[in-house]
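Report on one structure; see the data block that follows.
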Number of protein chains: 2
Amino acid sequence: MENSKSAQTRELVLQTALGMFRSRGFAKTTMRGIAAEAGVSLGSAYYYFASKDELILELYRESVAEQRVRASEAMAGVVPLADRLRAAMDAGIDALTPYHAFGSGFLGSALPPSSAVNPFGEASAEIRLEAEAIFAEAIEGAKVPANLRSDLPQLLWLGYMGVVLFWVYDRSQGQWRTRTLINGAAPLIARTLSLARLPVARGLVEDALTLMAKVRP
Amino acid sequence: MENSKSAQTRELVLQTALGMFRSRGFAKTTMRGIAAEAGVSLGSAYYYFASKDELILELYRESVAEQRVRASEAMAGVVPLADRLRAAMDAGIDALTPYHAFGSGFLGSALPPSSAVNPFGEASAEIRLEAEAIFAEAIEGAKVPANLRSDLPQLLWLGYMGVVLFWVYDRSQGQWRTRTLINGAAPLIARTLSLARLPVARGLVEDALTLMAKVRP
DNA sequence: CTCAGCTGTTGAACGTGTTCAAAAACCGTG
DNA sequence: CACGGTTTTTGAACACGTTCAACAGCTGAG
């Protein structure tokens, strides 16, 4: 970690911003407010972060890092695939929970392809790889069709993005619906993977993979 | 259709806006620009549309209506499920194509749950029902597991939303990747539905449906 | 030490979406 | 026509994200 004056200021602005996001929400937090609370000028905040969106990229980065740590811990010594998948997804939602109230607003900035922040885009490629690595770790040691092995982490991450989308819209107490979804989906995925190895499904899986390859940019 | 002076003005503003969205993109089109081009004052535009987002809701409405018409035409006399699904999805992308260039920007306004415009929300419930009806029509006459019948249109619509998301990010010439995806996904879905009727998969499907019910708001 | 160049900092200014109080146009009723 | 009430129109005003030219502070070569 850089320790220069500059890096300290950057960190101060960032942490002030994330704190205000948590307590006040994304939309209600203004760049002027962040700057004032951090004790710097508006222009200074923009010196370190080119846009309000870019602060989200940092949030995304931190949350994935936290997910990875939590997931590794939770998966240690756990063998059944369903449980490992559940651990990976729960860890992600755990890491995001402080932001649920404003997750709504963040989505609007995060998803447009134009935005530098969107999870499928260029700027977040590095973070996405780390997120996929979590799912790669989750399927380690699991019996998985050989032809699926390499694509599976990406597929699981994609599915997990769907879970996150669900979570963003989830208005239930403590987002228990999302937890229920994860609890149910994890074993379903595991069983679907078993099914995928059966002869009846092989052709289907084969074609799906071919399609994915054709369609990938 | 209302024909009063008021309704005419509303329509003028709306069509001016949609036209500018198509030619200039969503972000680059300003409310002031719309008002000026339509020959009304800024305040007047806001009298008819509470926000810029609300103009998107109208776009969404019009595009679904067009999708329905196109889909019905394309499905007339077509029997195989895969072909009917393809027609339904292609019709949707056809209707959206004029907006592809700005689809990116529109996504940011459309997806946040806070927005009145998000496709899963309250305000668009009516439109969503119409969209689901398209897929209900698509599976008419198809052999489908009985327990899936009622949920399937919604599931297909959800999958189609995924396709739209893909389309928004699709930078390929004329979005051929999206077309390839549809061409491949439609038969895959049909075959998966066949597979779902087999004993090996019945338990899986049963559990998935139970999970959906538990998790639905 | 000097001072040129780089790194950080500042707040004014711009264009935006949105709000609102006031004015204008319209309408039905006497 | 007159006039009260409603609908429609208007543009000024506000807060915001973002840009930018100017300024200050620092650092290292001479």
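Proteins come first, then strands; the chains are lettered A, B, ... in the order of their sequence lines, and each starts at number 1.
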Open item on the list: What contact category does Ser44(B) fall into here, base, sugar-phosphate, or nothing, at under 4.0 angstrom with non-hydrogen atoms?
Closed with: base
Open item on the list: Please classify the nucleic acid contact of Phe49(A) as base, sugar-phosphate, or nothing, using heavy-atom distances under 4.0 Å.
Closed with: nothing
Open item on the list: Need to verify one output field. Residue with the more 5' nearest nucleotide on DNA chain C, Leu42(A) or Gly43(B)?
Closed with: Leu42(A)
- [ ] Among the candidates dG11(D), dT9(C), dG17(C), find the nucleotide nearest to the side-chain atoms of Thr30(B).
- [x] dG17(C)
Open item on the list: Can you identify which nucleotide, out of dT10(D), dC16(D), dA13(D), has its nearest atom closest to the Val40(B) side chain?
Closed with: dT10(D)
Open item on the list: Using whole Å, what does the distance between atom P of nucleotide dA22(C) and atom OH of Tyr46(B) come to?
Closed with: 22 Å
TODO: For the side chain of Lys52(B), starting at C-beta, report the closest nucleotide among dT10(D), dT18(D), dG17(C).
DONE: dG17(C)
Open item on the list: With a 4.0 Å limit, can you tell me whether Tyr47(B) has a side-chain N or O closer than that to the phosphate oxygens OP1/OP2 of dT8(D)?
Closed with: yes
- [ ] Grab the CZ-C1' distance between Arg32(A) and dT10(C) for me, whole Å please.
- [x] 13 Å
Open item on the list: I'd like to know if Asp207(B) pairs up with Lys214(B) as an ion pair, taking the criterion as any Lys NZ or Arg NE/NH1/NH2 lying under 4.0 Å from an Asp or Glu carboxylate oxygen.
Closed with: no
Open item on the list: Is the phosphate of dT9(C) approached by Tyr48(A) (side-chain N or O, under 4.0 Å from OP1 or OP2)?
Closed with: yes
Task: Whole angstrom value for the distance that separates C1' of dA13(C) from CE of Met31(A) - done: 17 Å
Task: Geometric cation-pi criterion, Lys28(A) with Phe21(A): 6.0 Å, 45° - done: no
TODO: Report the distance from atom NZ of Lys28(A) to atom P of dG17(D), rounded to the nearest whole Å.
DONE: 13 Å
Open item on the list: Quick check: Phe135(B) with Tyr160(B) (ring centres under 6.0 Å apart)?
Closed with: yes
Open item on the list: Without decimals, in angstroms, what is the distance between Ile56(B) CD1 and dG17(C) C1'?
Closed with: 13 Å
Open item on the list: If you count every heavy atom of other residues, nucleotides or ligands that lies below 6.0 Å from Gln15(A) atom CD, does the total exceed 12?
Closed with: yes
Open item on the list: Rounded to whole Å, please give me the gap between CG in Leu12(B) and C1' in dT9(D).
Closed with: 14 Å
Open item on the list: Measuring from atom CD of Gln175(A) to atom CD1 of Ile93(A), what distance do you get when rounded to the nearest 0.5 angstrom?
Closed with: 8.5 Å
- [ ] Write down the distance between CG (Leu55(A)) and C1' (dG17(D)), rounded to a whole number of angstrom.
- [x] 12 Å
- [ ] Rounded off to whole Å, could you give me the CZ-to-C1' distance for the Arg10(B) and dT7(D) pair?
- [x] 15 Å
Open item on the list: With a cut-off of less than 4.0 Å, is there a side-chain N or O of Ser6(B) near OP1 or OP2 of dT7(D)?
Closed with: no
